[in-house]
Visitor: 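Here it is, the structure in full.
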Amino acid sequence: MYTPPSTDVSDEKNNAGGIKPLVSFIIPCYKEPLEQFTMAVDSVIKQTYKNLEIILILDNPQNEELAAKAKEYVTLDERVRFYQNGKNLGLVGTLNKAIRLASGELIARLDSDDYAKPERIATQVQFFPEYDIVSSNFAFMNADNEIVRHRKFPIEDGEIKEHLINIEDCMYHVTWLLKKSVYYQLGFYRDIGPFEDYDFLLRAAKRNFKMYNIPDELTLYRISVGGISSTNNVRQHLGSEYLRANYADIEGITKEDIANYLVSPIGKEHAQAYKTFYKYKEKIMQSRGRCQYYFRLLCYGTYLAFINYYGRKKILAFARMMKF
């Protein structure tokens, strides 16, 4: 059972040594389980870095349970601000609204079922003002708060941009701390599909904003029980691929461009290839024991590497990642 921490914010010993920038920590919520929501918000309240504005924004007018809990936080901690949308705005609309409401010069992100380690902001803020966007490595956790997997990514600006442009997203959204001014210069998030964060990073790379990824695991990212739907999973991966392939014109890409690609003959072909790749990948990951794992990896992996479009792309991506 998760035990909430004390909300005493009087201890400033970790913030000694000068004026610290105000960090606005944005936590959007919709229908997350109350215990997971509480764990996420408490992890932000318990940050060793105290100069925070904690923005809870609920994109669900009917969720009385989360609204009541958020209002309770407002009474317990003067740093907490709560907003509830009168109608559903979606993630992009909700985030853009929260950013405009934020008072801090730095913006931090966390989903309302994830967990920020106590030292996260204190660690990240040290990289400003030299860098514009700072993320970190992280670990996946399950519904029982157990760590099940670790993710490591490139560290330095040049490596990050090469990875972003050629391979995949390597700065997970819920680990970000960035200058609020970057949002205003890029025109905020675009309603372009279930990859608004990747689109934002590619546009930031195009404008040459300076990026850094802290090698420490500072955030725990929760794997949802149901996971992303099959349709959204395909849209997310194919849409991200389209952004990479058209990086030279990233700022001109529209939601309609991606929709047209998805229904085009080549888009449908790639969608089928991805579904096949994902099916066999799941079979490999669901193996019981090392022997079955390596047998399936040999059988399915060989097929994917030589026959499947996505399998070939993943092999090439893996080869490029080896230097990291």
Visitor: Mind checking whether I27 and I55 have side chains closer than 4.5 Å, heavy atoms only?
Guide: no
Visitor: With a 3.5 Å cut-off and no angle check, do the side chains of Y294 and R296 form a donor-acceptor pair?
Guide: no
Visitor: Within the structure provided, determine whether Y30 and N63 are in side-chain contact (heavy-atom separation under 4.5 Å).
Guide: no
Visitor: Is there a path of hydrophobic side-chain contacts, each under 4.5 Å between heavy atoms of I, L, V, M, F, W or Y residues, that connects L243 with V263?
Guide: no
Visitor: Checking the side chain of R120 only, and the main-chain atoms of L218 only, is there a donor and an acceptor separated by less than 3.5 Å?
Guide: no
Visitor: Is a side-chain N or O of K180 found less than 3.5 angstrom from the main chain of G104, in a donor-acceptor match?
Guide: yes
Visitor: Say whether, by atom type as modelled, one donor and one acceptor occur between the side chain of Y49 and the main chain of P118 under 3.5 angstrom.
Guide: no
Visitor: Once side-chain hydrogen bond (donor to acceptor under 3.5 Å, both in side chains) is applied, do any residues pair with E32, and if so which ones, sequence neighbours excluded?
Guide: S112
Visitor: Any donor-acceptor pair under 3.5 Å linking the side chain of Q236 with the backbone of P194?
Guide: yes
Visitor: Identify whether V134 and L22 are in the same connected component of the hydrophobic contact network (ILVMFWY, side-chain heavy atoms under 4.5 Å).
Guide: no
Visitor: Verify whether one side chain among R79 and N51 offers a donor that lies under 3.5 Å from an acceptor in the other.
Guide: no
Visitor: Whether the side chain of D169 engages the backbone of Y198 through a donor-acceptor N/O pair (distance < 3.5 Å, no angle test) should be reported.
Guide: no
Visitor: Hey, what's the ring geometry for H163 with F153, parallel, tilted or perpendicular (30° and 60° as the breaks)?
Guide: perpendicular
Visitor: Could you go through the side chain to side chain donor-acceptor pair (under 3.5 Å) check for E241 and Y261 one step at a time?
Guide: CA-CA 11 Å; E241 182 181 76; Y261 161 67; 3.2 Å; yes
Visitor: Is there a path of hydrophobic side-chain contacts, each under 4.5 Å between heavy atoms, that joins F200 and L89?
Guide: no
Visitor: Can you see whether D42 engages Y73 through a side-chain donor-acceptor pair at a distance of less than 3.5 angstrom?
Guide: yes
Visitor: Examine distances only and state if a side-chain atom of D132 and a backbone atom of F209 form a donor-acceptor pair shorter than 3.5 Å.
Guide: no
Visitor: Donor-acceptor pair, distance only, cut-off 3.5 Å: does the side chain of D111 make one with the backbone of D113?
Guide: no
Visitor: Would you please test R244 and Y242 for side chain to side chain donor-acceptor pair (under 3.5 Å) and show each step?
Guide: CA-CA 5 Å; R244 282 192 297 275; Y242 184 89; over 6 Å; no
Visitor: Is the closest side-chain donor-acceptor distance between N85 and K97 under 3.5 Å?
Guide: yes
Visitor: For N166 and E162, does a side-chain donor sit closer than 3.5 Å to a side-chain acceptor?
Guide: no
Visitor: Does K179 use its side chain to pair, donor to acceptor, with the backbone of P129 at less than 3.5 Å?
Guide: yes
Visitor: Is the distance from the ring center of F277 to that of H270 below 6.0 Å?
Guide: no
Visitor: A side-chain contact here means heavy atoms from C-beta on lying under 4.5 Å apart; do P21 and F128 qualify?
Guide: no
Visitor: ring-ring contact (aromatic ring centres under 6.0 Å, His included) between Y221 and Y115: does it pass, once the steps are laid out?
Guide: CA-CA 7 Å; Y221 177 88; Y115 177 85; over 10 Å; no
Visitor: Should the pair R151-E217 be classified as a salt bridge under the 4.0 Å nitrogen-to-oxygen rule?
Guide: no
Visitor: What closest approach, in Å, do L110 and A40 show between heavy atoms, and which atom pair accounts for it?
Guide: CD2-O, 3.9 Å
Visitor: Taking the side chain as every heavy atom from C-beta outward, state whether M39 and Q36 have any atom pair closer than 4.5 Å.
Guide: no
Visitor: Please examine the side chains of F138 and L220, heavy atoms only from C-beta on, and report whether any two atoms are closer than 4.5 Å.
Guide: no
Visitor: Spell out, as yes or no, whether a donor-acceptor pair under 3.5 Å connects the side chain of E130 to the backbone of K210.
Guide: no
Visitor: Would you find a donor on one side and an acceptor on the other, under 3.5 Å apart, between the side chain of N213 and the backbone of S136?
Guide: yes
Visitor: Measure up the F188 and Y184 rings against each other and bin them: parallel (under 30°), tilted (30 to 60°), perpendicular (over 60°).
Guide: perpendicular
Visitor: Stepwise, does the side chain to side chain contact (heavy atoms under 4.5 Å, CB included) test hold for K161 with N208?
Guide: CA-CA 9 Å; K161 286 171 179 164; N208 206 31; 3.0 Å; yes
